[in-house]
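Down below is the structure, laid out as structure tokens.
Start at 1 and go down the list; that is how both ligands and their atoms are numbered. FYI, side chains are in, hydrogens and waters are out, and symmetry mates aren't considered; it's all heavy atoms of this structure. From a predicted model like this one, the values you see are computed outputs, not experimental measurements.
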Amino acid sequence: PITLALWCLTGTNLQALMEQVKKPSSSAEIVVVISNRPGVMGLKRASMAGIQTRVVDHKLYGSRAEFDGTIDKVLEEFGVELVCLAGFMRILTGPFVRKWSGKMLNIHPSLLPSFKGVNAQKQALQAGVRVTGCTVHFVAEEVDAGAIVVQEAVPILVTDTEDSLSERIREAEHRAFPAALELVGSGAVKLRDDGRIDTEQY
Ligand code: GRF
């Protein structure tokens, strides 16, 4: 089984992935949930589901390299083969990203490459676009720039606020992330050495 670890904030993407891996068709298993902050909802969701959790509080580390090194040790301890980031608001160092290249996915609440960075939903509203969405991509050294695995578009309504749009995007995320997990977990989609997607289909 593909084993995976997650970092999460409120953990709604974690919840969606937990549902996904329960399906008989899924080859994945969530073996550990890691958060860089104690007490977040995602840790509670994992514990309630009997999934092991770890907190690696970045404030306790003198450098990003030390923080990433500790995360890496936890991933190795659990035999993780695929890392899913959701709401993990830390920039990871080059060596860590290179080691997990092709084995680490992130979800971003816009149709990358549009609206990289924080407040992607707000950026879309302010840009006046009528369509935005979410992107699941391999994590690359450049932030929000890795090869794209799955995207789902959502409309922006004239009545939308940042909250109503974020809610609609999150619903799309809860379909896109499980889909991406299965594509990568089954080997249907791989990351090539040149950083582009290699698929069996085309
Ligand atoms: C999502 O909006 C995701 O796009 C962003 O962080 C949020 C995580 O939400 N990376 P949750 O913790 O999965 O509910």
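Between Phe96 and Met104, the closest side-chain pair of non-hydrogen atoms falls below 4.5 Å.
Every atom of ligand 1 with a heavy atom of Glu173 under 4.0 Å away is listed here by number and element: 1 (C), 2 (O), 3 (C), 4 (O). Atoms of ligand 1 lying under 4.0 Å from any heavy atom of Pro109, numbered from 1 in the order shown and given with element: 4 (O). Short contacts between ligand 1 and Thr12, defined as distances under 4.0 Å to a heavy atom of the residue, involve ligand atoms 11 (P), 12 (O), 13 (O), 14 (O). Here is the list of ligand 1 atoms found below 4.0 Å of a heavy atom in Asn13: 1 (C), 8 (C), 9 (O), 11 (P), 13 (O), 14 (O).
Of the possible polar contacts, one joining the Asp160 side chain to the Leu157 backbone as a donor-acceptor pair under 3.5 Å is found. A donor-acceptor pair under 3.5 Å is absent between the side-chain atoms of Thr132 and the main chain of Ala124, judged by distance alone. Judged by distance alone, with hydrogens and angles left aside, the side-chain atoms of Gln123 form a donor-acceptor pair with the main-chain N or O of Val118 at under 3.5 Å.
At least one heavy atom of Gly11 sits closer than 4.0 Å to an atom of ligand 1.
Taking the six-membered ring where tryptophan is involved, the planes of Phe67 and His58 are perpendicular, since the angle between them exceeds 60° and thus also 30°.
For ligand 1, the polar-atom distance check finds no N/O of His108 at less than 3.5 Å from any of the ligand's N/O atoms. Geometrically, ligand 1 and Ile107 share a nitrogen or oxygen pair separated by less than 3.5 Å.
The residue among Ser166, Gly87, Ala120 with a heavy atom at the shortest distance from atom 5 (C) of ligand 1 is Gly87.
A salt bridge links Glu141 with Arg98: the distance from a Lys NZ or Arg NE/NH1/NH2 to an Asp or Glu carboxylate oxygen falls below 4.0 Å.
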